[in-house]
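Data first, discussion second: the structure below is written as structure tokens.
All residue numbers refer to positions in the sequence shown, counting from 1.
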Amino acid sequence: MLESLSASAPTPQQVGFSPRTDGRRAEQLRPIRFQNHIAPYATGSTLIEWGNTRVICGVTVEETVPKWMKEQNVSGGWITAEYSMLPYSTQQRKQRDITRGKIDGRSQEIQRLIGRAMRAAVDLEKLGPRTIWVDCDVLQADGGTRTAAITGSYVALSLAVSKLLVTQKLKVPPLLKAVAAVSVGIVHQQALLDLCYVEDAAAEVDMNIVMTEAGEFIELQGSGEEATFDESQLGDLLSLGRAGIQQLFKAQRTALDAIAPAE
């Protein structure tokens with residue numbers, strides 16, 4: 001199933017009317033589309049296309065828990081993630097981690113972030129003694145790969161949970177609340193939502209915001225790249241991010257609406 005979302009044009013009273021590199025307004029998301037069940041052997045999967053960024057998110061289930069949980073007698077289940085950028089996902093070939101012999105620091109940071117975000121969406125006790133693996137593979141990168149991976153992972157996770165409920169491997173729905181993420185930044189002294197690569201590279205300040213549908217923050221990753229930012233600018237970025245994430249929740253609901261699990 002394909003679902004797309006493009007933010008509506010802002011009113012003249014809204015902030016940020018300077019045209020961007022791709023013609024969007026300051027508070028406008030790039031078009032978003034989900035193609036569910038893209039990986040037939042996964043328990044749940046989706047391809048999220050967010051502007052020119054494309055990420056496959058696949059969820060698989062193991063009927064066991066990590067060794068540390070057994071050793072420490074921790075009840076419930078666990079969710080963990082892996083993230084990688086395919087060699088042809090960027091304009092210049094990216095070397096595979098296996099070729100270099102170790103995972104790069106950026107990929108490690110992002111996959112830990114994805115794992116934290118997905119664990120915030122699930123009651124691990126209700127998950128039972130099993131491990132959910134979330135794999136995110138970037139097919140094409142044009143900014144916002146980590147936010148696309150998180151937003152797509154929740155859709156794939158929801159599809160996987162639906163299948164587990166239908167097959168009665170789960171007795172009680174474990175999902176707590178939807179999770180999504182978006183980037184914001186200050187480019188040429190203007191606060192912008194959902195940075196593409198060109199904007200991200202030029203940003204004086206950039207930030208990634210991860211939130212639940214209840215309006216709770218899971219994580220804020222913000223830094224001044226070439227400048228500092230004040231409390232007023234931080235407020236502008238958070239306001240843009242919250243509004244954008246609400247649109248992402250709507251897109252997720254649309255993508256998941258009335259979808260039966262793939263056999």
Verdict with reasoning, L256 to V155, per side-chain contact (heavy atoms from CB on, under 4.5 Å):
CA-CA 7 Å; L256 290 168; V155 172; 3.8 Å; yes
Shortest non-hydrogen contact between C196 and T21, atoms and distance
SG-OG1, 3.5 Å
Note, V184 side chain near L192 side chain (heavy atom, < 4.5 Å)
no
Side chains of L47 and L139 in contact at under 4.5 Å (non-hydrogen atoms)
yes
For R25, does its backbone N or O pair with a side-chain atom of R20 as donor and acceptor, under 3.5 Å?
yes
Closest non-hydrogen contact found for T60 with T43 is CA-OG1, 3.8 Å
Would you give the length of the straight line joining atom CD of Q247 to atom CD of Q28, rounded to the nearest 0.5 angstrom?
8.5 Å
Output yes when a side-chain donor or acceptor of Q252 lies under 3.5 Å from a complementary backbone atom of T151, and no otherwise.
yes
Does the side chain of T90 reach to within under 4.5 Å of the side chain of M85, using non-hydrogen atoms?
yes
With a 4.0 Å cut-off on N to O distance, would you call E219 and R116 a salt bridge?
yes
Smallest heavy-atom separation, Y154 atom then V179 atom, equals CB-O, 3.5 Å
Rounded distance [0.5 Å steps], CD in E199 versus CZ in R24
5.5 Å
Mind checking whether V134 and Y83 have side chains closer than 4.5 Å, heavy atoms only?
no
T147 and I209: CA distance, side-chain angles, deciding distance, side-chain contact (heavy atoms from CB on, under 4.5 Å) verdict
CA-CA 8 Å; T147 55; I209 301 174; over 6 Å; no
If you round to the nearest 0.5 Å, how far is CG of L164 from CG of L159?
11.0 Å
Is I114 reachable from F217 through a run of hydrophobic residues whose side-chain heavy atoms are each under 4.5 Å from the next?
yes
Are the side chain of E49 and the backbone N or O of I32 linked by a donor-acceptor pair below 3.5 Å?
no
Presence of salt bridge, K177 and E213, under 4.0 angstrom
no
Ring centroid separation W78 to W68 under 6.0 Å:
yes
Is the backbone N or O of D236 less than 3.5 Å from a side-chain atom of S239, with the two atoms forming a donor-acceptor pair by type?
no
For A203 versus L195, what's the shortest heavy-atom pair and its separation?
CB-CD1, 4.2 Å
Taken to the nearest 0.5 Å, the spacing of D137 CG from L86 CG works out to 5.5 Å
Rounded to the nearest 0.5 Å, how far does CH2 of W50 lie from CZ of R30?
7.0 Å
In this structure, are over 12 heavy atoms from other groups packed under 6.0 Å from Y197 atom OH?
no
For a quick test of reading the model, state the closest non-hydrogen atom pair linking V55 to C136 and the distance between them.
CG1-CB, 4.1 Å
Can you tell me if T53 uses its side chain to pair, donor with acceptor, with the backbone of A141 under 3.5 Å?
no
What verdict does the side-chain contact (heavy atoms from CB on, under 4.5 Å) test give for L124 and V74, after you've listed the backbone C-alpha separation in whole Å, the side-chain angles of each residue and the deciding distance to 0.1 Å?
CA-CA 10 Å; L124 296 177; V74 177; over 6 Å; no
Same apolar cluster: L175 and L165, side chain cutoff 4.5 Å
yes
Check: I186 and L237 side chains under 4.5 Å, non-hydrogen atoms:
yes
Keeping the roles fixed (side chain from T46, backbone from C57), state whether a donor-acceptor pair exists under 3.5 Å.
no
Go through the steps to decide whether V61 and T131 satisfy the test side-chain contact (heavy atoms from CB on, under 4.5 Å), and finish with yes or no.
CA-CA 6 Å; V61 181; T131 300; over 6 Å; no
Specify the closest pair of heavy atoms between L193 and G241, including all atoms of both residues, with the distance to one decimal.
CD1-CA, 4.2 Å
Decide yes or no for R106 and R146: does some side-chain heavy atom of the first lie under 4.5 Å from some side-chain heavy atom of the second?
yes
Would you say K70 and V65 make side-chain contact, with heavy atoms under 4.5 Å?
yes
With no hydrogens and no angle check, is any side-chain donor or acceptor of D206 less than 3.5 Å from a backbone partner on S183?
no
Are more than 12 heavy atoms from other residues, nucleotides or ligands located less than 6.0 Å from atom CD of E63?
yes
Under 3.5 Å, side chain of D123 to main-chain N/O of P174, donor-acceptor pair present?
no
Do L29 and V198 share a hydrophobic cluster (ILVMFWY, side-chain heavy atoms under 4.5 Å, transitive)?
no
What distance do T64 atom OG1 and M69 atom CE have between them, rounded to the nearest 0.5 Å?
9.5 Å
Check for me, please, whether F249 and L176 land in the same ILVMFWY cluster - side-chain distances under 4.5 Å, paths through other members count.
no
When hydrophobic residues are tied together by side-chain contacts of less than 4.5 Å, even through go-betweens, does I56 share a cluster with Y41?
no
If only atom types and distance count, is the side chain of Q140 paired as donor or acceptor with the main-chain N or O of N52 below 3.5 Å?
yes
Side chains of E82 and W133 only: does a donor on one sit below 3.5 Å from an acceptor on the other?
no
Please tell me if the side chains of K163 and K169 come closer than 4.5 Å, counting only heavy atoms from C-beta onward.
no
For the side chain of S45 and the backbone of A39, is there at least one donor-acceptor N/O pair under 3.5 Å apart?
yes
